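Numbers restart at 1 for each chain; the letters A, B, ... are given by sequence-line order, proteins then strands. Remember, it's a predicted structure, so these values are computed and weren't measured experimentally.
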Amino acid sequence: MSTQFEIRGLKSSIEGKEILKGIDLKIQGGEVHAIMGPNGTGKSTLASALMGHPKYEVTEGEVTLNGEDVLEMGVDERARAGLFLAMQYPSEITGVTNSDFLRTAINARRGEGNEISLIKFIRQMEGKMKELEMNPEFMHRYLNEGFSGGEKKRNEILQMMLLEPKLVILDEIDSGLDIDALRIVAEGVNAMRNEDRGFLIITHYQRLLNYVKPDHVHVMMQGRIVKSGGPELAERLEADGYDWVKEELGIVDETVGQA
Amino acid sequence: MSTPTTSFGREAAAAIARSKNEPAWLVAWREEAGDLAVRLELPRPEKMPLTRWTLDQYGTHRPGQQVSSVSDLPAVITALLPEQHTGALIVQHNSSVVYTGLSDELKAQGVVLTSMEEAVRTHEELLRKHFMTAYARDEHKLSAVHAALWNGGVFLYVPRNVEIEQPIQALLFVDDAEATFMPHILVIAESNSSVSFVEQVASSLGETSATLLHNSAVEVFAKAGATVRYAAVHHMDASAIDIAYRRAVLDNDSRIEWIVGDLHNGNTLTDTKSLLKGHGSTSDSKIISVGTKNQRMSLTTQAVHIGRSSESDMVTRAVMKEEATAIINGITKIEKGATKANGQQTEKVLMLSPKARGDANPILLIDEDDVKAGHAASVGQVNAEQVYYLMSRGVSRQDAERLIIHGFLDPVVSEIPLEGLREQLHRILERKLG
């Protein structure tokens with residue numbers, strides 16, 4: 001069965017301040033959706049709320065992945081159900097090597113008694129690291145510790161490739177990447193595109209979308225999706241900025257929850 | 001003497017020395033220490049009063065059974081030896097050294113590995129020139145008691161230019177709660193030599209109402225250009241008190257690396273200090289600790305810079321559970337004249353229970369202008385953001401926390417130079433962290 005991911009009327013607050021004011025979005029397996037918008041409009045909050053970050057309280061709405069209630073699940077259960085969030089600021093964790101962590105994560109998904117063999121795991125990890133042009137020594141480095149911005153982003157994509165999720169959310173994966181790294185990351189994403197897997201790409205800029213062609217583009221302002229369209233919408237935003245959207249919709253301040 | 005000594009002085013110290021047939025100079029030296037022990041006060045570690053610790057049970061002389069091969073050691077001891085014990089090894093069982101093994105090759109190079117009790121006879125001059133000069137008899141009551149009663153012990157001498165590849169191991173083991181167990185370890189590394197030394201202190205005391213006092217000391221002398229890597233893992237039963245004063249004296253361009261697992265299960269007082277006398281000397285200290293139940297621990301690292309361009313780095317990481325308390329002190333002292341010195345320190349405490357306590361006290365004492373010095377200290381709980389990150393990949397909360405806690409200690413664990421001991425350390429941590 002192809003993946004069906006659905007968000008209905010999602011509202012979320014942080015420290016009592018409402019940021020998401022009702023998001024509706026449907027993503028089918030095989031589709032790539034891009035969410036664009038200026039800073040402070042709630043894009044990253046959407047990503048964090050979907051993954052279940054403890055600081056974000058969901059106050060209303062429903063989220064389902066293949067009919068299963070995502071909001072009922074803990075963060076780890078969401079991941080095991082097939083949700084993956086490539087984070088904007090991945091944590092650095094001393095003492096936990098990249099490979100130990102990834103093997104633990106893969107085995108958590110496979111379940112007890114069905115663990116991946118060490119040899120097979122190493123082979124897989126080495127192969128994917130090669131595709132991402134990562135230095136093999138990153139396998140044994142502590143998780144994200146001392147990684148540059150670009151290395152962290154590649155490491156997020158590495159995790160996505162090895163965990164084979166059903167629904168991938170990329171939160172500003174393109175920020176801080178030079179053009180080579182952007183190309184490599186985009187190729188990694190494209191290699192994962194298939195009809196079982198949906199993508200939600202959050203970005204300010206069009207440039208990632210030159211490499212990863214979206215099927216649908218949504219503009220977010222004031223904690224809502226205010227405009228949707230096809231790839232041509234992203235191109236227009238790149239060329240003309242966001243002012244015309246604001247004008248069209250009569251929006252003066254596009255941000256949400258800013259002090 | 002069948003009951004533990006609760007008070008002693010000059011006579012008691014001399015009587016024990018004589019009963020072991022020690023040379024006259026040592027009998028007299030111990031007598032003096034016995035006097036000091038009566039007169040001197042206990043040390044006063046920061047925020048950790050020792051007055052309620054049972055520090056006056058000195059035990060009686062209970063030598064272990066001497067053996068000539070590792071296979072003749074009691075099973076309880078061989079079980080503690082890492083698998084690859086083919087290299088140099090010395091074992092103390094209760095009040096005496098019971099086994100010493102050193103390859104002919106190393107002997108031919110002039111390396112000496114023997115008990116301190118043996119070395120007072122065979123290497124008197126060398127020993128007296130160094131013994132308890134870095135940790136003086138008259139520092140406080142505990143050092144005086146140690147001087148009066150030390151037994152067994154390890155004497156390691158590495159001649160000029162000799163580089164020893166395989167780590168030298170010492171196992172200090174006690175299974176008699178009424179034994180005097182006060183080893184002294186003396187390492188002398190001559191110019192341009194290099195050696196790794198791995199020390200393990202363990203016990204099997206069973207059910208006992210007696211308090212065993214492990215009042216130990218380590219002195220390392222690294223001569224010009226020498227490198228000494230000193231690893232220690234302490235994991236005795238809760239009924240024991242672990243006192244460990246560790247000192248290194250560094251000549252020009254020499255180096256000490258302290259890699260310490262203070263993982264004892266009872267009250268603990270350790271003080272690991274490098275005296276950077278020589279120009280260009282360096283010291284790197286890494287200490288980990290785990291406190292459980294109602295343990296009280298005082299863990300101090302110190303670096304004293306005297307030589308120009310001397311460098312020190314000290315890292316202490318502790319995980320505190322249940323109702324354990326740890327006071328962690330880092331003292332970097334840079335003396336006048338130690339130009340271009342660089343002293344850094346970090347103390348980090350991870351608290352796993354609201355009743356646990358961990359204090360980090362970084363202290364910088366600087367009497368010279370042209371230096372670098374820095375410190376970082378943190379006391380906190382498992383980072384929620386890190387837990388979230390790991391969980392977002394499907395790892396359960398419990399496993400995520402476990403990874404983070406073990407990871408917190410890994411920078412030290414992974415430095416232990418013997419693979420077998422590293423694995424043993426993992427098992428000890430597994431047990432202590434649950």
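For Leu409(B), no part sits under 4.5 Å from any heavy atom of chain A, backbone or side chain. Only the side chain of Tyr142(A) comes within contact range of chain B, with at least one heavy atom under 4.5 Å from a heavy atom of that chain. In this structure, chain A has a heavy atom under 4.5 Å from the side chain of Arg317(B), while its backbone stays farther away. Residue contact with chain A, scored on non-hydrogen atoms closer than 4.5 Å, involves the backbone and the side chain of Tyr388(B) alike.
Separation of atoms CG (Asp399(B)) and CG (Asp76(A)) is listed at 9.5 Å; rounding is to 0.5 Å. With values rounded to the nearest 0.5 angstrom, Ser396(B) atom OG is found 7.0 Å from Arg80(A) atom CZ.
Residues Arg78(A) and Ser392(B) are not in side-chain contact: their nearest non-hydrogen atoms beyond the backbone lie 4.5 Å or more apart. Between Ser91(A) and Asn383(B) there is no side-chain heavy-atom pair separated by less than 4.5 Å. You'll find the side chain of Ile93(A) reaches within 4.5 Å of the side chain of Ile404(B), heavy atoms only.
Side-chain N or O atoms of Gln386(B) include one that pairs as donor or acceptor with a backbone N or O of Glu92(A) at under 3.5 Å.
Interface summary for chain B: among Pro90(A), Gly74(A), Ala81(A), the most heavy-atom pairs under 4.5 angstrom belong to Pro90(A).
Residue pairs meeting the salt bridge (Lys or Arg N to Asp or Glu O under 4.0 Å) criterion with at least one member in residues 284-296 of chain B, sequence neighbours excluded: Asp284(B)-Lys286(B).
Both cation-pi conditions hold for Arg393(B) and Phe84(A): the charged atom is under 6.0 angstrom from the six-membered ring centre and inside a 45 degree cone around its axis.
Of the options Thr104(A), Leu143(A), Val75(A), a side-chain contact (heavy atoms from CB on, under 4.5 Å) to Leu390(B) is made by Leu143(A) and by none of the others.
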